[in-house]
Number of protein chains: 4
Amino acid sequence: MSPFDLVIRGGTVATASDTFRADIAVKNGQVAALGLDLGEGEREIDARDLLVLPGGIDAHCHIEQESSTRIMTADDFYSGSVSAAFGGNTTFLPFAAQHKGQSLREVVRTAHERAGPKAVIDYAFHLIVSDPSENVMGQELPALIMEGYTSFKVYMTYEMLKISDRQMLDVLSLARRHGAMTMVHAENDDVISWIAERLLTRGHTEPKFHGIAHSPLAESEASRRAIDLARLVDAPLLIVHVSAPEAAQAIRDARNRGLPIYGETCPQYLFLTLEDLDREGMEGAKFCCSPPPRDKAGQDAIWLGLTNGTFQVFSSDHAPYRYDETGKFAAGPHPTFKKIANGVPGLETRMPLLFSEGVGKGRLTLNAFVALTSTNAAKIYGLHPRKGTIAIGSDADLAIWDPAWERTITQDMLHDNMDYTPYEGMTVTGWPRIVINRGRVVVEDETLQVDRGSGEFLDRVPEPPRDQSFGDAAPLSAYRAFGADLV
Amino acid sequence: MSPFDLVIRGGTVATASDTFRADIAVKNGQVAALGLDLGEGEREIDARDLLVLPGGIDAHCHIEQESSTRIMTADDFYSGSVSAAFGGNTTFLPFAAQHKGQSLREVVRTAHERAGPKAVIDYAFHLIVSDPSENVMGQELPALIMEGYTSFKVYMTYEMLKISDRQMLDVLSLARRHGAMTMVHAENDDVISWIAERLLTRGHTEPKFHGIAHSPLAESEASRRAIDLARLVDAPLLIVHVSAPEAAQAIRDARNRGLPIYGETCPQYLFLTLEDLDREGMEGAKFCCSPPPRDKAGQDAIWLGLTNGTFQVFSSDHAPYRYDETGKFAAGPHPTFKKIANGVPGLETRMPLLFSEGVGKGRLTLNAFVALTSTNAAKIYGLHPRKGTIAIGSDADLAIWDPAWERTITQDMLHDNMDYTPYEGMTVTGWPRIVINRGRVVVEDETLQVDRGSGEFLDRVPEPPRDQSFGDAAPLSAYRAFGADLV
Amino acid sequence: MSPFDLVIRGGTVATASDTFRADIAVKNGQVAALGLDLGEGEREIDARDLLVLPGGIDAHCHIEQESSTRIMTADDFYSGSVSAAFGGNTTFLPFAAQHKGQSLREVVRTAHERAGPKAVIDYAFHLIVSDPSENVMGQELPALIMEGYTSFKVYMTYEMLKISDRQMLDVLSLARRHGAMTMVHAENDDVISWIAERLLTRGHTEPKFHGIAHSPLAESEASRRAIDLARLVDAPLLIVHVSAPEAAQAIRDARNRGLPIYGETCPQYLFLTLEDLDREGMEGAKFCCSPPPRDKAGQDAIWLGLTNGTFQVFSSDHAPYRYDETGKFAAGPHPTFKKIANGVPGLETRMPLLFSEGVGKGRLTLNAFVALTSTNAAKIYGLHPRKGTIAIGSDADLAIWDPAWERTITQDMLHDNMDYTPYEGMTVTGWPRIVINRGRVVVEDETLQVDRGSGEFLDRVPEPPRDQSFGDAAPLSAYRAFGADLV
Amino acid sequence: MSPFDLVIRGGTVATASDTFRADIAVKNGQVAALGLDLGEGEREIDARDLLVLPGGIDAHCHIEQESSTRIMTADDFYSGSVSAAFGGNTTFLPFAAQHKGQSLREVVRTAHERAGPKAVIDYAFHLIVSDPSENVMGQELPALIMEGYTSFKVYMTYEMLKISDRQMLDVLSLARRHGAMTMVHAENDDVISWIAERLLTRGHTEPKFHGIAHSPLAESEASRRAIDLARLVDAPLLIVHVSAPEAAQAIRDARNRGLPIYGETCPQYLFLTLEDLDREGMEGAKFCCSPPPRDKAGQDAIWLGLTNGTFQVFSSDHAPYRYDETGKFAAGPHPTFKKIANGVPGLETRMPLLFSEGVGKGRLTLNAFVALTSTNAAKIYGLHPRKGTIAIGSDADLAIWDPAWERTITQDMLHDNMDYTPYEGMTVTGWPRIVINRGRVVVEDETLQVDRGSGEFLDRVPEPPRDQSFGDAAPLSAYRAFGADLV
């Protein structure tokens, strides 16, 4: 009897730290051995000349999720997970999104109902907390954290989602007490609304004005404010989809002071600009997302943030709305920029784009690529060491990349349920040939190899609260000096 | 016939720039001549061994003003102006404060009714805009600016006064269009409320917890936010009563970038600390003001800001509530820190304190003292060159200081209507002997020399909007690039 | 008998702080009175519609000075002072420059011999200390400071002039002890030499390579180093002719910390760029000065520094070498960039350029213009209040400007002894009509009105050393804590 | 036949990225397999409840090295390597130090002669370049780099070692061209000499004045300067033994800009202070090293730098001079602070101190500890992936730590040839039980298990020069724009 279920032979293996040549043996869905000339496996894969990386973790995507205006994303858990898999991912973290008035537990139940029968790769849920009612804060959220839903996102903008600074302090201090991670969409809602109203009043309705209304100052202001709120209660915080140089600088400043502030960015801020929103006719609608793509200098600042430690997580923020009346034009064929469904797709292209332009062009080491696309998210969101690395006992989540595979991106070749990709026509070098999740070959020969619903839900363990006593003097200590422990 | 109404002989005259020995001749209430051996005056004052400085301008004080909880300040325009005069001031700028629902014009009318018959020195009003309704923004405020009420204050905290970020953008852009100056009380209301609620819940009700609730982070966060809002619409902004080092840094950062951001601080942030709020019994209530006094390091940061150009204006923020049931204890004899009337007096002590500790101890030049206590406020608030300097054609507003006069501050010696001073027992060196307003001797021989109501109202001229094209790239230019001039 | 020697009637008078309409009466060379309708003067000047400003002080110019390679400047004290006067200056501060081995006292004697019979406006000398020998440091320099030579410049570059960091510490601590002001030419000599050698080795000899060799990093590095040395001994320091944005930032950082660090910049860094060094043929030689003009972004940074308080002094650094074999080409007709005489002229154009582009274009207030071109230099170099302002008892040094006089700059119209101006063809608006020094009309009707040698030497009084106890914690206190007072 | 030479069973294995439970199998001195239940080894070690970490790399130590004053270190390659091994190290990098006039090749030959017969663990040499003569720069150094001596250190201080800025540019550009790494001892020599001379003149000779002479400003100034020189030629640079907060900030600033600047710090800056230099009598001499220990605030800044990414390398800077006439007192029994031999020992205590106070107290993760003490040095100095990690094909360099082993440090228990340790009496928790180098058990049962000279020399491969085109705009591009590629 073969000792191993699967052996991947002779590949160049990379983790967030190391790169080495080795066989990888899988048993019971886990990495059982790394070595040279390991024993036989029931199945063997020849990985010579290929890279064997930890399966990607897309830590930010919207799947089978209804917007606050009740538009459903084009991708459900099947198409979404398939597309993710073809892009080298073995785990993704969609949202279980609360709308105002909803029970969080109900929201979680719905998410499971949707994901369970369809997902082909593993998944966990970030909660979205838009209504921190007494019941939610006092009962549901603490219980859900204990049950393994250890991360949640809050919004500082969008009429139907945003919470106040005071509610954010409630959320952050609850997160601190219970060992959860808070994510924040940081844009100042008042600023955006104020500009938008003026633009509309003056008849500036085209897609490009979405980019004007979402001023970089709206983002950097809210980012600094969110960081200050987190400092106040000594809680960790991750700022998602950072696009503006000053917002990146805000995160950098906090990290320079030793604070537990984290940052995420996305492909759209490296590869698109505001010029794209200004394309002919309504074409710009394809690139409307929040925050919007910025300019060339902004792209440079985001690249810098990926190389100098500002950003830990590189996600897609996949928010799939088709370029038709089910998506971008749900409000009609010529919506003002305020009525265009917000978001761009990117589950499948996220890693190849970064690999090609980052690793291929010498901006990032292979190890940094692994960290940014997989390991760091696993660590920050409580999935490590089960996910995010290639180590003994970890899930055998592997993406076997052909670093020389040159492909020109077209919507045709992608597996999501979209009708466009923002990256149409871009040529990249490097793409996964084989994708393995818990030892199961999910993608091979450009073909899906597994059944609907074969992905698994991942529960997580909250991290005990910690005192940031080695970083910047937390204001908490000031309270304590006066006998008032507030959090 | 004497050519001059008054000649002050042989004093050492100082302006914001220069110090020189000269006679000063006054005619028709204005400085008619400066020189050596000027012709005779009807009246002559010997100023040898004395300093002749521009009369002080207290640019921030609350006089005969009702709080949002309807507590009236202890000082009316008589006691307030008398006290100011004894402290070397010849002009003060109380507030015409709108409460929600009130007409601004009504508020201004009331202010005139109160001030006109009582004030003994000259005055102008800052408006307080707490309800930027359509009528206020569309009609009253633009009209009042044109009529000479060219400055107004908004609040980011206090339930009854605060305006939203969006409203602040409305106010700032209106100020830009009409050439007015916006002042802001910058504290994050949510932060303060959140901490306060927790403190009260835990039974922490003593005065010192006022200082804990008003976290320095609440101040610095709001300061950065206000600056960002002003940047967005390219409008000037003055942040009042700065107490926190990081808030001072926020102003400094903006000024380093060439932005028209100004800062004010007050004696309470140089000479008091949080320790004072922690005095025996309810005594701490005497020192409750917002923002609260901080610590020794905070005092150092504020001194630094006075010397390195961060702050342009040094005001009293005189907010006189007696240590009795008409003031501090209007809500009862043992109020929680939330119910203690907020504010400290300081009209009369403001300049002697800064003179003694600033000029006397070598921290400030005499010219910097003049600039901080008089000239800069005159320039920023549209009173210059009529007020704030000693120059030909300027009003003959003069404070003749005896730099060697050593006095120990006690409430007894002061002329306001208070029953305490926060600086009781402090010894200072230097105090005005004679104070002259428009050539009228207001104070002499430690006695008031003028009648009630002899002060005059000062109207002002709005400044045309200016484009900050030489400072930091204003975001406005980005809008314009897209054809959208928003402000 | 007329009470006054001269009365200037009805002009708009400006100081560093104020602007007002007044007559100015002069007696015995000093301002005797300011007022409305002053008594008669023996001479009267009608200044209606004109500006009456303090005479300019050019605080940095090379006049009748031999370079270390023994090239004499094209201007002597006659042509230099005449040109300065026509540009609105009433005082200038050339250098008494020590070459290695020379006695400082001898150098000063020579400077007097050269200046006394020729200068038509007032003057003082900055010393240049290039050889801080035991005799110089122990005897000559302390004595000269006591005699009124209270400022001196040191070089961090130029083989024949530069002093070491250790010698700079000696100079700075001597300056601190004796109350003098140190100026520094801050460029890293090794960096420049290293680049230059490589350029020459590769055959890059054209003028533009002067600009490449003098890298902005050479300047910013040396500026930071000089500031650190001054911090170490708690001495004031002024960095001359700042051209690089990072060098400006270094000064700004120091001032933000409250340190007594000052900065000077010059017209060549506002109005020229490296492109000028790349003009046809050898033409670029006309623009070779050190540091060299930078680029457009550099100009913006320098303008920002003039408006945000980084720079206190705006000087010409007039270093006149003709575009012929007596100057630029003293080493031959086609010198490498290392052999081109270094410097640009600018005595006469300095103020009109700044007035036109600064005041005229709204970048600077008239008061800021006065401060930058006159008052601040007077204060920093110990000439105030005798010079640098219009105040009772000050010297009657006045420049009466016609703010509407439009002139196109050509070398023909200038009064120096040069054969080119770098600003040829530029049109400016605003130029002095009448220039008065100690009550003497020096320039009027575009004609010189005084005799050679009618200028006077200005001696100065050293300032007592002061402890920067209110700024950044000086390292000296650390020494003192250990019982070691080093300076 | 056993498939493996050695199997370590059941330990908790940690790399710079991951922590997992696994057996480690060793064959031919390399890690052959990682897995669960691996096959048998000829030898088996039970590591349950123990941590298995990559062997430490001490990247900075002085072994069998003569100082410029010809004092030989107390440790030779035998005692040094034994002590290092007992402290958990399997590789160390002493210096092959050139004194002025010496041939580098000769120096390297001597190093090999000394190390080869004695070292018990693996080693490489950093060169010290103190005399960059034409022969050294043109011939020896390029050849030595090609042969695998790919790192070298230069000094900005010490009369006999320091090189000029210009020489440093030569060294840095040579390093760039040939793919080597430059290390720098950054202290401003002039500053130190200047202070020291004054101290000695005033009779301040005690050890503590060493700490005064080596002002933090001397360190931060030189650090900024070195970084600027590296920026100029676009070369990587590592600043060794950083002690001063501002020097750490300089590195941080550079890294924030994306520059390839690295930093190293040492135990003496975390666990000692200037107070130690002020101990009774000459005892302070034991703590004299350069830079010197600073104060408590400095320690905090260094800890912050270890956690926020400022420092990549944590080394001992072991410089063993005994507290007797062979070491500290080679110049006599009561030397002035200038004559005390400089340096502290620390090979054996480096990692236990950091483990106990860093990992044990929650300041550092276990993975960060591995990175700082081993992996990062391997990467920066070209030893990775052979050294610095536990990965397939890497050398089996393993330190098996008992995280619960509490030990009180005394000189008695250490294995170097010193007569004191600066950490005498400190209690730490965590120490290696077994240390393995290339599969050879070097230390076990508190006993050395290998022979003299059984360590191996490690040659390295230079890294091709890279263009920092993704970080801060390198000045090189400016040169290139003008057609001048200088480096």
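Order of the sequence lines sets the chain letters (A, B, ...), proteins ahead of strands, with each chain counted from 1.
Taking 4.5 Å as the heavy-atom cut-off, the residues of residues 9-22 of chain A that approach chain D are A:T15, A:A16, A:S17, A:D18, A:T19, A:F20, A:R21, A:A22, ordered by number.
Heavy-atom pairs under 4.5 Å with chain A peak, among D:N256, D:I390, D:T389, D:V31, at D:N256.
Of all non-hydrogen atoms in D:L34 and A:I392, the two that sit nearest each other are O-CD1, 3.2 Å. Among all heavy-atom pairs drawn from A:N308 and D:R255, the shortest one is CB-O, 3.5 Å.
Summarising the local packing, CG of A:D49 is surrounded by 12 or fewer heavy atoms from other residues, nucleotides or ligands at distances under 6.0 Å.
For residues 368-383 of chain A, no residue pair satisfies the salt bridge (Lys or Arg N to Asp or Glu O under 4.0 Å) rule, not counting sequence neighbours.
The line from CG of A:L36 to NZ of D:K27 is 11.0 Å long, rounded to the nearest 0.5 Å.
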